[in-house]
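Below: one structure, written as structure tokens.
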Amino acid sequence: MTSNGLPKPAKDAAAKDAGVRNALLKMVKQKEFSVFVALVLLCTVVSLLSPYFLGVQNIFNVLRQFSVIGILAVGQALIIITSGIDLSVGSVLGLMGVVAALLAGLGLPPAAVFVLTILLGAMVASINGLLVTKARINPFIVTLGMMSIARGASLLITGGMPISIENDITFLGSGYIGVVPVPVIIMFIVAIAGHVFSTKTLAGRNIYAVGNNERAAKLSGIRVDKVKVMVFMIMGALCALSGMIVSGTLKTAEPSAGAGYEMDVIAAVVIGGTSLAGGEGSIVGVILGAAIMGVLRNSFVLLGVSAYWQIVAIGVVTIGAVALDSLKNKRD
Amino acid sequence: MIEYVLLKIDGISKSFPGVKALDHVAFEVGKGEVHAVVGENGAGKSTLMNILSGVYAPDTGILCLDEKEIHFKDPRHAQENGIAMIHQELSLANHLSVMENIFLGRLKRNKLGLVDYKQMYKMCRNELECLGVNDIEPDMLIKDLSVSQMQMVEIAKALSLNARLIIMDEPTSSITKKETEMLFAAIRSLKQRGVSILYISHRMEEIFEIADNITVLRDGTYIKTLKSIDTTPKEIVSLMVGREFNRAFNREVRKVREDEKPVLEVKGLSYGKKVKDVSFKLYPGEILALTGLVGAGRSEVVQTLFGVTRKDKGQIIFNGKEIEARTPTETIGLGMGLVPEGRKTQGLFLKMKVRDNITITNLPQICSMQFIRKTEEIKKAEDYVARLRIKTPGIEQQVQYLSGGNQQKTIIARWLLNSPKVLFLDEPTHGVDVGAKSEIYEIINSLANEGVGIVLISSELPEVLTLADRILVMQNGRIAGELSRENANQEIIMEYATNQMNKGMEQ
Ligand SMILES: Nc1ncnc2c1ncn2[C@@H]1O[C@H](COP(=O)(O)OP(=O)(O)OP(=O)(O)O)[C@@H](O)[C@H]1O
Ligand SMILES: [Mg+2]
């Protein structure tokens, strides 16, 4: 073979210069960065409008409020990256809260309640995954059905009445470590784990590959169906975890807990820069998205916006985020 | 040398983050001429064509159409001004029919204002027949077509626009000689009618057959425009790469020995209507070519062997053991690899990095306890970017921003990295430039010399005739004949591919 590398020193130096500039440009251009800027702007505006906003107590409040949304958004992001969607998160959360209460009622130790609830959550969600992959039903339809089934099941089990929980499992929802509420700590653990999982592991890489190009993923030897079932199961486990947090906070399992959460969760994921078309997105962005949702909700309370308007506003924000996403996709 | 300048390109520049794709490019396109634009992968050809057809706006420079300055707002605006483009990457709507695609955005209406499918069907039929295509029906869905059929639909679509300037960005990259001849006939008659053609290709024979003038680009700069009768392929290639280019590639034919055991044996393989009773043996270190016309079932054979589609009948014996080939996961695990046709549809993860795209199948080998060993991954990716000279600002660049040929090299790198025992190559040099092509030939050759069995599908007969040890010609899903390279030439292969002289190889 002849050697081909013609020396072009001048060009290399120029390329290096451009490289540094590009690295900076790239950071600024990253989706997470713009989400971060949006969050900072939002916080600035709210703190100008309400002096309470930046109080330590309130900050923990906000963190605590969006911790469940944040946890669920990590799972939802993984599903959306594979270009699926899960509408049943709120209902499965409710059902798993009830299940945890029942298990606690049997007198099981907290550790056993914890493990069993998580496993059951993953199992319920695996039904979603199997219907999507084996029966080839659209995930939107499958999880819409599951949303109804899971809610119905929790109402049937409880007869519509709340169940009180007397078990240390409630620590997950109402406990503190130092001054930090346990749900906040759990959210950070889930976020870090999700970030590491999605960026550093084989399974995480496969999730992106499946979302980018399912056929190419199959041709590269990835078991596409397995990947899809896996992300639904992770989601189920996180729903179970969230169910225990929510019912632990009040020491009562409400059969209607988590109603409407799917909206906030999907909004958080999309605001965080994950495209509904799949194939891209990051856990960091998603947590920032959840934070934006949390701050929004908190500011409505601080500013005395009526609860009804809050619901409208969340809807507007969700549609706005999705509209931005599809506009951007069109431009590419 | 041009009588009437249809389009004047003047000082066009365009940059992308980290890349100066075009740098003050200027030349002219005459009325009724076929003007070829050539250059290495990443030279800026597609970027320039995208500017001419209104996809991108140039950073600087102007375009003059009929001596009037014009700024295209979008592709539609360019189309209204008589410029149509066949994109390098297929851009058809997968879930629509062939005719809907051809008439997209200008569906024919009848008196009631409803879509007139009958008329569209007829017109579409006509367009396809002009191109000599008869295996595509106007009401077939795009997603059911093979890549090469899709390309013919793209061509028919551009021809049907009645444009004054048709830009063809590698229109022949996945069609065979026969279809190419049809396309050339169409181009000649367009030329008669005064239509200008901008023609991009990496195939020198084609360029010298069809083009009047040839413009060379290198690293985003304009080098020279030459009359094709005044120059030679050798000169053009040297201008492209910027130095003397004379790398003759040569592979000795490898003869099968009496006592050898095949690494892959296929007996009576059938799948649907596309693969009928196919049998052959592949020996370690051998390059076996599968040729035939578009739609002859070549890709389907390798896809079935690789487990993408499941065989209906037949036996696949790999390394002496019968295998089922249910999924690619299984066949990859055994040591097979497939560079598929259609890099965008079947190969690339567009929004992922060059690094991710190269290492994806190899990841299980560079993982400890599920965790990717990052430094090793980076090293491997960088190694292959250098070996295949993939032009990219770095391995962290998203693969969607690479030029077509460099994307193709990325997929080849993916499979080389996995060191397979049997490698199926479906149009491996699709859109790859002359220099890189001979580098890829070297690599295929040395893989074979190391004992890898290679099945090569290529629409480019010269490629088949330089690389293959044995050649199987397919026709209508069957193997119509087997030739050794010494006994093969383009004419004999075409005869087997098109007609009835089934001397048969069913021993
Ligand atoms: N959207 C984009 N973003 C960033 N870089 C780009 C983009 N499009 C093209 N490039 C870069 O611009 C250069 C020119 O690309 P272009 O596609 O025009 O090459 P080409 O001559 O058509 O090559 P090929 O023969 O491989 O098709 C390449 O280095 C490519 O990586
Ligand atoms: Mg190109």
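Just so it is clear, the values below take in all heavy atoms, side chains as well, and ignore hydrogens, waters and symmetry mates. Within every chain, numbering begins at 1; the chains are lettered A, B, ... in the order of the sequence lines, protein sequences first and strands thereafter. Only a predicted model underlies this, so the values are computations on that prediction, with no experimental measurement involved.
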T359(B) portion near chain A, given a 4.5 angstrom heavy-atom threshold:
side chain

Sort out for me which of G211(A), A217(A), G204(A) touches chain B most, counting heavy-atom pairs under 4.5 Å.
A217(A)

Measure Q303(B) against the heavy atoms of chain A and call it side chain, backbone, both or neither at under 4.5 Å.
side chain

With respect to chain A, which residue among N357(B), N418(B), T331(B), L348(B) yields the maximal number of heavy-atom pairs within a distance under 4.5 Å?
L348(B)

How about F197(A): does its CZ atom have over 12 heavy atoms from other parts shown lying under 6.0 Å from it?
yes

In sequence, state the C-alpha distance, the side-chain angles, and the governing distance for N206(A) and I360(B), and then conclude on side chain to side chain contact (heavy atoms under 4.5 Å, CB included).
CA-CA 8 Å; N206(A) 287 349; I360(B) 189 85; 4.2 Å; yes

Rounded to the nearest 0.5 Å, what's the gap from CZ on R223(A) to OG1 on T327(B)? Could you check?
6.5 Å

Would you find more than 12 non-hydrogen atoms of other residues, nucleotides or ligands less than 6.0 Å from K73(B) atom NZ?
no

Pairwise side-chain contact, L219(A) with F306(B), heavy-atom cut-off 4.5 Å (strictly under):
yes

Honestly, the part of R414(B) sitting under 4.5 Å from a heavy atom of chain A is side chain

Give the minimum heavy-atom separation between S220(A) and F349(B), together with the two atoms involved.
OG-CZ, 3.7 Å

Report yes or no: does N213(A) contribute a side-chain atom to a donor-acceptor pair with the main-chain N or O of T345(B) at less than 3.5 Å?
yes

Kindly say whether K351(B) contributes a backbone atom to a donor-acceptor pair with the side chain of N212(A) at under 3.5 angstrom?
yes

Strictly distance-based, threshold 3.5 Å: is any side-chain N or O of K200(A) a donor or acceptor partner for the main-chain N or O of I372(B)?
no

Tell me whether R205(A) is salt-bridged to E377(B), with the criterion being a basic N under 4.0 Å from an acidic carboxylate O.
yes

Counting C-beta onward and ignoring hydrogens, is there a side-chain heavy-atom pair between V308(B) and R215(A) closer than 4.5 Å?
yes

Engaged part of K344(B) at the chain A interface, taking heavy atoms whose separation is under 4.5 Å:
backbone

For A216(A) and G347(B), work out which heavy atoms get closest and say how close.
CB-O, 3.5 Å

Is it true that, when you exclude R310(B) itself, more than 12 heavy atoms of the residues, nucleotides or ligands shown sit nearer than 6.0 Å to its CZ?
yes

Please determine whether side chain to side chain contact (heavy atoms under 4.5 Å, CB included) holds for the pair L202(A) and F371(B), giving the CA-CA distance in whole Å, both sets of side-chain angles, and the decisive distance to 0.1 Å.
CA-CA 6 Å; L202(A) 178 60; F371(B) 279 85; over 6 Å; no

Is it true that atom CZ of F16(B) has more than 12 heavy atoms of other residues, nucleotides or ligands lying nearer than 6.0 Å?
yes

With only heavy atoms counted, which part of I366(B) is less than 4.5 Å from chain A, the side chain, the backbone, both or neither?
neither

Need one label for P340(B): side chain, backbone, both or neither, based on atoms under 4.5 Å from any heavy atom in chain A.
side chain

